[in-house]
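So the structure is just underneath, and the comments pick up after that.
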Amino acid sequence: MKQYVTDNFPHFLHGADYNPEQWLHDKSVWDQDMALMKLANCNEMSVGIFSWAKLEPREGEFDFSFLDEIIEKVGANGGKIILATPSGARPRWLAEKYPEVLRVGVDGVRDHFKARHNHCYTSPVYREKVAIINRELSRRYGNNDTVIAWHLSNEYGGECRCPLCVQAFQDFLREKYHNDISQLNLAWWTTFWSKTYDRFDQIEPPGKYTEDGIHGLNLDWHRFVTRQSRDFILHETAAIREFSNKPTTINMMFEHYDMDYHAMADAIDFASWDSYPEWHNGDNAVIAAKTAFWHDLYRSLKDQPFLLMESTPSLVNWK
């Protein structure tokens, strides 16, 4: 059984998500961070998760100066870096120039630029732009001794119902049901309430104003979302692998049933997850049992040790 993320650093990893770009206006904070890192006996920092707007402030213009500095600083203080790809939060210029990268929600309306996790995993443009930034990160840091692993995106999840995803979903169903709409109708039992389909191009993803009462449709939609997300992981990894063979992970989530993590496990080298139990907000015994279950599940994905990528001893702000 593999015991460590990398044999080049055979230690229990103890660290945190670290967003030093938020303090570019006052870099003295970085030196305080290093001192606190040592006091807390931290030996690892996860960096770059939401840094795309700083790393590529304008299309094709890259600025890695803050990453250069912080990776050197962490390394000089005895720490290691798990370096993230920034696809979980795209920069504003990308959304404005290429609106196809923004998701269409359950109501059929395309999102504006907002928040994070607002990208279409099917969009060729988004895949191209992610591959470019990932490739540049790998080229620059792929063999840096301080960097020990890659953190792909952040909490893969969510769905998109744009025309690109609708077409991809229909193609997924054509393949699964051997281009025979009668097989799909039988499997989904669409004679109930006269829901029979005549052609694959009639099928829409379940949504607020579309069919959502066919169990087979809902289940195959989740299978499709899993497949598209897994394929996006492989797409991100391919760009990384051009210059780096260091292990990869994705941070998974608590009680997340929208995707099949078991089907995605072979696309990463080690598992990690984000645990935010709501202590003192209900039955603590039930909360403890659920949390222990998810620890067990994430260990089982690769049958090897895993990372607790995110947690908190208190409550996060959105609680």
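Computation of the quantities below employed the complete heavy-atom set of this structure, encompassing side-chain atoms and omitting hydrogens, waters and symmetry-equivalent molecules.
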Output all residues satisfying side-chain contact (heavy atoms from CB on, under 4.5 Å) with [X], sequence neighbours left out; order by chain, then residue number.
X: Asp260; value: Thr226, His262, Ala263
X: Asp274; value: Glu155, Asn251, Tyr276, Met309, Glu310
X: Tyr257; value: Glu255, Trp294
X: Lys38; value: Asn77

Hey, are [Y] and [X] close enough side-chain-wise for a donor-acceptor pair under 3.5 Å?
X: Asp33; Y: Tyr18; value: yes
X: Ser244; Y: Trp150; value: yes
X: Ser311; Y: Ser275; value: no
X: Asp68; Y: Tyr141; value: yes

Report task. Name the orientation class of the two ring planes belonging to Trp93 and Trp52 (parallel below 30°, tilted from 30 to 60°, perpendicular beyond 60°). Result -> perpendicular
Query raised in the report: Any idea how Phe172 and Phe169 line up, ring-wise: parallel (<30°), tilted (30 to 60°), or perpendicular (>60°)?
Result: parallel
**Report entry** Any side-chain heavy-atom pair of Trp279 and Asn284 under 4.5 Å
**Finding:** yes
Requested in this report: Inspect the contact between Arg135 and Glu242 and indicate whether a charged nitrogen and a carboxylate oxygen are less than 4.0 angstrom apart.
Outcome: yes
Query raised in the report: So, Arg58 and Glu56, do they make that salt bridge, N to O below 4.0 Å?
Result: no
Check residues 264-271 and write down every donor-acceptor pair under 3.5 Å in which the side-chain atom is one partner and the other belongs to a residue at least two apart or another chain.
unit_1, atom_1, unit_2, atom_2, d
Asp266, OD1, Arg230, NE, 3.1
Asp266, OD1, Arg230, NH2, 3.2
Asp266, OD2, Arg230, NH2, 3.1
Asp269, OD2, Arg241, NH2, 3.0
Asp269, OD2, Thr248, N, 2.9
Asp269, OD2, Thr248, OG1, 3.3

Kindly state whether the ring of [X] and the ring of [Y] have centres lying under 6.0 angstrom apart.
X: Trp189; Y: Phe192; value: no
X: Phe306; Y: Tyr298; value: no
X: His295; Y: Trp273; value: yes
X: Tyr126; Y: His235; value: no

Taking [Y]'s backbone N and O only, do any of them form a donor-acceptor pair with [X]'s side chain (distance below 3.5 Å, no angle check)?
X: Glu211; Y: Gly213; answer: yes
X: Arg110; Y: Leu102; answer: yes
X: Tyr261; Y: Met253; answer: yes

Query - Residue pair Asp31, Lys73: steps toward the salt bridge (Lys or Arg N to Asp or Glu O under 4.0 Å) verdict - result: CA-CA 9 Å; Asp31 292 324; Lys73 190 177 287 287; 2.9 Å; yes
Requested in this report: Hey, could you give me each pair passing salt bridge (charged side-chain N to carboxylate O under 4.0 Å, His left out) that has a residue in residues 87-106? Not counting sequence neighbours.
Outcome: Glu59-Lys97
Query - salt bridge (charged side-chain N to carboxylate O under 4.0 Å, His left out) contacts in which one or both residues fall within residues 174-183, not counting sequence neighbours - result: Asp171-Arg174, Glu175-Arg227, Lys176-Asp220
For [X], check ring pair (Phe, Tyr, Trp, His ring centres under 6.0 Å) against everything at least two apart and list the hits.
X: Phe113; value: none
X: His151; value: none
X: Phe9; value: His11

**Report entry** Val166: hydrophobic cluster co-members (side-chain, 4.5 Å)
**Finding:** none
Query raised in the report: Which ILVMFWY residues are connected to Leu36, directly or by a chain of links, through side-chain heavy atoms under 4.5 Å apart?
Result: Leu39
Query raised in the report: Per the side-chain hydrogen bond (donor to acceptor under 3.5 Å, both in side chains) rule, which among His117, His256, Glu236 passes with Tyr156?
Result: Glu236
Report task. Take Asn144 and Ile71 through the test side chain to side chain contact (heavy atoms under 4.5 Å, CB included) and record every step on the way to the result. Result -> CA-CA 9 Å; Asn144 188 301; Ile71 289 175; 3.9 Å; yes
